[in-house]
2 protein chains.
Amino acid sequence: MAKSKSIRMKDIADRLGVSVSTVSKAIKGSYDVSAKTREKVMKLVEELDFEPNKQAQSLLQNKSYTLGVVVPDLDNSFFGSIIRGIENIAYQNGYNLIICQSHEDSVRELSDLKSLINHQVDGLILALASSTKDLKYLESLKARNFPYVLIDRGNDDLGVSQVLVDDFTGGMNASKLLFETGCLNVAHLAGPEKLINATEREEGYKQVCEDFGFDPLVVHCEFNEEKSFEKTLQLLQKHPEVDGIFAASDRIAVGAMQAVKSLGKSIPEDVSVIGFSDLAYSKYLEPALTTISQPAGDMGEKAMKVLLETMKQSEDENVNLAEKFVYQTKLIIRNSTKEIIQ
Amino acid sequence: MAKSKSIRMKDIADRLGVSVSTVSKAIKGSYDVSAKTREKVMKLVEELDFEPNKQAQSLLQNKSYTLGVVVPDLDNSFFGSIIRGIENIAYQNGYNLIICQSHEDSVRELSDLKSLINHQVDGLILALASSTKDLKYLESLKARNFPYVLIDRGNDDLGVSQVLVDDFTGGMNASKLLFETGCLNVAHLAGPEKLINATEREEGYKQVCEDFGFDPLVVHCEFNEEKSFEKTLQLLQKHPEVDGIFAASDRIAVGAMQAVKSLGKSIPEDVSVIGFSDLAYSKYLEPALTTISQPAGDMGEKAMKVLLETMKQSEDENVNLAEKFVYQTKLIIRNSTKEIIQ
DNA sequence: GTGAAAGCGCTAACAG
DNA sequence: CTGTTAGCGCTTTCAC
């Protein structure tokens with residue numbers, strides 16, 4: 001037996017001795033169909049568990065009720081939470097999500113994007129890969145008035161709506177806390193130089209250094225524990241006076257904590273550490289990690305709402321409204337930093 | 001300007017003064033088309049960045065090149081890794097993934113499943129929600145010969161291929177290590193009673209208890225740190241003699257560790273703890289968590305390969321081959337357990 | 001109220 | 001080698 005094709009409207013129509021269009025009308029509820037006919041149809045629909053073929057509908061309506069989401073990674077609870085937020089709203093509005101991971105690779109990202117468009121998604125939510133330089137394709141999407149919104153990884157040149165985090169202020173708050181808790185030599189384990197968010201956090205740090213009259217000490221590092229471990233070791237060897245570390249991400253903070261401990265120094269007494277993102281497990285580290293939390297779920301929901309809005313607009317006229325929503329971070333004080341000095 | 005429709009074959013055909021079918025043939029490469037015509041067509045295809053409408057192709061071929069994946073959760077690195085594995089193989093074979101999270105809710109799961117089928121996915125990979133009791137829909141899919149495979153959360157009654165983990169042996173190995181490292185009173189913080197994997201791990205524990213002549217001490221717990229913290233506190237109050245805890249998951253282990261520490265006991269000297277799953281951060285806990293790792297990525301890849309195979313079969317005859325692939329776990333010894341006594 | 005007919009974008013026979 | 005034709009499953013005029 002080959003794969004059984006699913007039931008079509010024609011099957012129902014034949015069984016009932018009516019036409020396909022009558023069945024279609026009955027199911028839609030619109031148009032005039034006699035109550036009797038509708039009842040008969042609906043009964044059979046229930047019985048056979050019939051659902052109209054979305055592909056055929058899409059072809060006709062030029063809508064697929066499917067949305068694309070491209071994020072750098074999924075094994076990070078940050079984007080996981082963002083997707084959960086997106087999903088909440090998408091689900092309520094009858095949309096399905098095709099989720100792709102770019103793995104921070106712009107080649108993969110481009111291919112994902114094309115494949116998604118190719119699958120006739122009605123819209124996109126995208127967190128740019130950190131390596132993405134070439135925006136030609138995204139520009140062409142914009143030019144074609146294809147609805148998409150950027151999340152977390154922003155870009156002002158594209159002229160599309162964005163849902164972002166105020167990384168600069170977050171970076172400032174993190175750095176400030178370190179100084180306010182008595183640290184005198186605060187270093188920054190910054191993220192990749194090409195990543196806008198990382199750069200913003202770094203700028204926040206530098207601003208605070210200036211305010212406190214401290215000469216910035218920045219080391220760049222990838223977003224993983226191993227690299228961070230190495231870099232921190234080097235940093236502390238070269239600068240044993242460092243007594244506070246602002247890590248650009250919780251994963252970097254974890255590596256830093258490991259390194260600090262391996263040197264026999266204690267946290268936060270000898271070296272205070274603060275992270276960024278508040279990953280799910282950060283509160284279970286020892287000491288529990290002080291960090292900056294981002295409202296990932298809210299951001300996902302917002303992005304999805306904005307996308308819905310954008311899709312509505314692009315159906316009508318070219319309103320071309322590119323809004324920018326910037327979420328504030330929250331300082332989560334735990335035990336990897338000292339008490340604030342009054 | 002309303003949303004610009006994308007380019008169709010007809011647009012290319014018109015521009016070139018040829019027929020649509022000629023364009024189609026030229027693009028496919030199959031059939032006979034003169035080299036000159038093909039060249040002209042391809043040039044325009046490049047220029048306009050044309051991609052055939054997948055919906056239309058699907059409608060015709062009754063294939064969508066889209067697959068559905070339903071997992072309980074995404075903010076857990078276990079299913080994240082599984083998806084990464086699935087994605088690897090799917091991507092290589094030109095398939096897109098629609099990923100849904102059931103949030104362990106069988107109602108949501110059913111609705112996801114229906115929506116996916118409705119979107120004409122060519123196949124499914126599913127990790128059953130722990131609450132799923134009613135298998136009617138899945139049985140009907142199976143009856144209709146719709147290709148799908150089960151991952152991690154197995155079920156033998158469905159008669160479909162499965163990619164699983166040997167949770168029983170994993171549970172045995174975890175429990176055994178505790179006894180072998182000198183623990184005399186090994187308790188088990190088991191997972192939800194309805195979850196097959198948890199039950200298997202529990203059975204493994206009980207088997208080992210029998211081997212070591214110990215009376216099993218089991219406490220059931222949800223897969224989260226807070227509940228585990230409470231349960232562990234209660235357990236240790238009631239049974240202060242407990243000197244080893246086998247937690248059914250790393251998240252449960254984390255809560256247990258917190259509770260043990262809060263009682264002023266040290267790990268592993270006073271109480272040894274072992275988890276299950278080897279989450280990304282488990283090695284960064286203090287002490288680093290001894291645990292049982294599952295080859296999630298490999299499982300994802302395997303499931304996708306099996307699905308590919310199943311889809312091929314269902315196109316041909318009803319081969320109906322339901323294989324079961326059981327992966328072995330690996331014991332990862334870190335610092336939350338003591339040295340093995342020779 | 002109902003059905004016939006056209007068509008969404010594409011592919012696959014079949015003529016020519 | 002190329003074009004005509006029919007049709008995938010569905011919706012939507014437009015007659016009747």
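One interatomic measurement links the two molecules: CD1 of A/Ile7 to P of D/dG9, which rounds to 12 Å at whole-angstrom precision. Atom C1' of nucleotide D/dT11 and atom CD of A/Gln55 are separated by 16 Å, given to the nearest angstrom. In this entry the distance linking CE of B/Met9 with P of D/dT2 reads 16 Å, nearest Å. Computed from coordinates, the A/Asn62 CG to D/dC10 P distance equals 18 Å when rounded to whole Å. The CZ-C1' distance, from B/Arg8 to C/dG9, rounds to 8 Å in whole Å. Atom P of nucleotide C/dC10 and atom CD1 of B/Ile27 are separated by 8 Å, given to the nearest angstrom. Following rounding to the nearest Å, B/Asn53 (CG) and D/dC8 (C1') show an atom-to-atom distance of 13 Å. Atom CG in A/Leu16 sits about 11 Å away from atom P in C/dT2, given to the nearest Å.
For C/dG3, the base has a donor-acceptor partner in the side chain of A/Lys25 [N/O atoms by modelled type, under 3.5 angstrom]. The base of C/dA4 sits with one of its N or O atoms less than 3.5 Å from a complementary donor or acceptor on the side chain of A/Ser21.
The B/Phe50 side chain lies nearest to C/dC10 when the options are C/dC10, D/dG9, D/dT11. Of the listed nucleotides (D/dC10, C/dG9, D/dT2), D/dC10 has the atom at the smallest distance from the side chain of A/Leu60. The listed nucleotides are C/dT2, C/dC10, D/dT4; the one nearest the side chain of B/Ser19 is D/dT4.
Residue-level contact check: B/Ser58 touches neither bases nor backbone, having no heavy atom under 4.0 Å from any strand. Nucleic acid contact class of B/Val18 (heavy atoms, under 4.0 Å, all strands): sugar-phosphate only.
With the nearest nucleotide of DNA chain D identified for both B/Ala35 and A/Lys10, B/Ala35 has the one nearer the 5' end.
Comment: A/Arg108 engages B/Glu87 in a salt bridge, judged by a side-chain N to carboxylate O separation of less than 4.0 angstrom. A salt bridge does not link B/Arg8 to B/Asp14: none of the charged nitrogens lies less than 4.0 Å from a carboxylate oxygen.
Remark: the A/Gln120 side chain and the A/Ser58 side chain contain no N/O donor-acceptor pair separated by less than 3.5 Å. Side-chain atoms of A/Asn96 and B/Ser115 form a donor-acceptor pair, as typed in the model, at a separation below 3.5 Å.
For A/Gln57, no side-chain nitrogen or oxygen approaches OP1 or OP2 of D/dG9 to under 4.0 Å. For B/Thr22 and D/dC1, the shortest distance from a side-chain N or O to OP1 or OP2 is not below 4.0 Å.
Remark: side-chain polar atoms of A/Glu104 are not paired, donor with acceptor, to backbone N or O of A/Ala129 under 3.5 angstrom.
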